[in-house]
Amino acid sequence: MSDAEALLRKEVGSLVDRLRRWTLSRWGVEAEPWGTRADLGRHLAQAFADAAAALEGGGRRSLPRLGPDLLVPDQLAVTGDDLVRAGPPDAICRDAVAHLLLHRFDLLDEAPSASLGGAAVLERGRQVCD
C-alpha cells in the first residue's frame with residue numbers, strides 16, 4: 001500500500017469514526033448546496049464509489065439512499081474501502097483525500113492541518129468536487 005493509499009484509508013476511518021457518533025437531528029441540519037449534512041455525506045460516498053468503479057473499468061454506481069441517515073457513515077466506510085481496494089494511483093488518492101477534507105471542513109468546521117495541505121488542500125477539494 002502506498003503512502004497516499006494509507007492516508008486515504010486513515011482519513012476515511014477518522015471521519016467515519018467521528019460521524020458515527022452523530023444523532024439523527026445532527027444529520028438533518030442544512031448543508032447548502034447539498035441539502036442536509038446527510039446529503040453531503042452521501043455525495044462524498046457517491047464520489048468514492050464512482051472513483052472505484054472508474055478504476056475497475058465499470059460505470060457509475062448509483063448508491064441506494066439508506067435510511068435512517070445514521071447509516072451514512074457506513075456508506076462512507078464501505079465506499080472508501082472499495083476505493084482503496086481498487087488500487088488507485090497516488091493522484092487519485094490525493095484527490096479523494098482533498099475531497100474528503102473539504103467536506104470534513106463543511107461538516108465539522110475543521111480546517112486541515114498544514115501537514116495535510118491546509119488551505120491549499122481545501123482549494124484542491126473544491127476543484128475535485130463535482
Side-chain angles (χ1 to χ4, degrees):
M1 178 178 295
S2 73
D3 289 345
E5 285 175 322
L7 178 62
L8 176 58
R9 182 180 298 276
K10 175 183 170 274
E11 291 302 323
V12 168
S14 174
L15 180 61
V16 165
D17 286 345
R18 295 188 62 198
L19 296 179
R20 282 187 170 143
R21 297 182 193 127
W22 279 20
T23 62
L24 197 53
S25 62
R26 222 170 155 187
W27 281 109
V29 172
E30 288 215 19
E32 291 303 324
W34 309 105
T36 65
R37 287 174 169 169
D39 295 326
L40 175 54
R42 287 182 185 98
H43 155 78
L44 186 57
Q46 184 66 63
F48 290 161
D50 291 344
L55 288 167
E56 294 167 353
R60 187 175 192 268
R61 300 172 183 162
S62 229
L63 293 180
R65 184 179 177 94
L66 301 176
D69 292 342
L70 296 173
L71 296 176
V72 170
D74 293 335
Q75 276 192 316
L76 283 167
V78 169
T79 57
D81 186 62
D82 286 348
L83 178 53
V84 171
R85 287 175 184 267
D90 286 355
I92 291 177
C93 287
R94 285 191 299 272
D95 284 350
V97 168
H99 197 175
L100 179 149
L101 293 175
L102 171 68
H103 293 317
R104 184 179 78 185
F105 178 74
D106 294 337
L107 291 167
L108 303 172
D109 198 29
E110 283 183 4
S113 66
S115 66
L116 290 173
V121 78
L122 291 179
E123 183 55 37
R124 181 62 188 154
R126 286 183 193 94
Q127 293 168 359
V128 171
C129 183
D130 44 36

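For the single chain, residues carry numbers from 1 onward in sequence order.
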In Leu8, Asp50, Val78, the residue satisfying side-chain contact (heavy atoms from CB on, under 4.5 Å) with Leu83 is Leu8
What's the shortest heavy-atom distance between Val12 and Ala77, and which atoms? CG1-CA, 4.4 Å
How long is the gap from CZ on Arg21 to CZ on Arg26, to the nearest 0.5 Å? 10.5 Å
Atom CZ of Arg9 and atom CG of Asp81: how far apart are they, to the nearest 0.5 Å? 5.0 Å
If you measure from the Lys or Arg side-chain nitrogens to the Asp or Glu carboxylate oxygens, is any gap between Lys10 and Asp3 under 4.0 Å? no
Please answer whether the main-chain N or O of Thr36 pairs with a side-chain N or O of Asp39 as donor and acceptor at a distance below 3.5 Å. yes
Does one hydrophobic cluster hold both Trp34 and Leu15, with members joined at side-chain heavy-atom distances below 4.5 Å? yes
Linked, directly or transitively: Leu24 and Val72 (ILVMFWY side chains, under 4.5 Å): yes
Transitive ILVMFWY side-chain link Leu76 to Leu7, under 4.5 Å: yes
Verify the cluster assignment for Leu100 and Leu108: are they in a single hydrophobic cluster under the rule of side-chain heavy atoms below 4.5 Å apart? yes
Could you tell me whether Arg42 and Asp69 have a side-chain N and a carboxylate O separated by less than 4.0 Å? yes
Taking the side chain from Gln75 and the backbone from Pro64, do they hold a donor-acceptor pair closer than 3.5 Å? yes
Smallest separation among heavy atoms of Arg104 and Pro112, with atom names: NH2-CA, 4.1 Å
Between CG on residue Leu107 and CG on residue Leu102, distance to nearest 0.5 Å: 9.5 Å
Kindly list each side-chain donor-acceptor pair under 3.5 angstrom involving residues 114-125, sequence neighbours excluded, with atom names and distances?
{"unit_1": "Ser115", "atom_1": "OG", "unit_2": "Ser113", "atom_2": "OG", "d": "2.9"}
{"unit_1": "Arg124", "atom_1": "NE", "unit_2": "Asp95", "atom_2": "OD1", "d": "2.9"}
{"unit_1": "Arg124", "atom_1": "NH1", "unit_2": "Gln127", "atom_2": "OE1", "d": "2.9"}
{"unit_1": "Arg124", "atom_1": "NH2", "unit_2": "Asp95", "atom_2": "OD1", "d": "3.0"}
{"unit_1": "Arg124", "atom_1": "NH2", "unit_2": "Asp95", "atom_2": "OD2", "d": "3.0"}

Among the clusters formed by ILVMFWY side chains lying less than 4.5 Å apart, do Phe48 and Val128 turn up in the same one? no
Heavy-atom closest contact (His99 atom, Ala47 atom, distance): CE1-CB, 3.5 Å
Mind checking whether His103 and His43 have parallel, tilted or perpendicular rings, split at 30° and 60°? perpendicular
Can you tell if the side chain of Leu101 reaches within under 4.5 Å of the side chain of Glu110, non-hydrogen atoms only? no
Exam field: side chain Glu5 to backbone Cys93, donor-acceptor pair closer than 3.5 Å: no
For the atom pair CG (Leu55) and CD1 (Ile92), what is the distance rounded to the nearest 0.5 Å? 4.5 Å
Can you confirm whether more than 12 heavy atoms, excluding those of Arg126, are under 6.0 Å from its CZ atom? yes
Show me the pairs that pass ring pair (Phe, Tyr, Trp, His ring centres under 6.0 Å) and involve residues 111-130, at least two apart or across chains. none
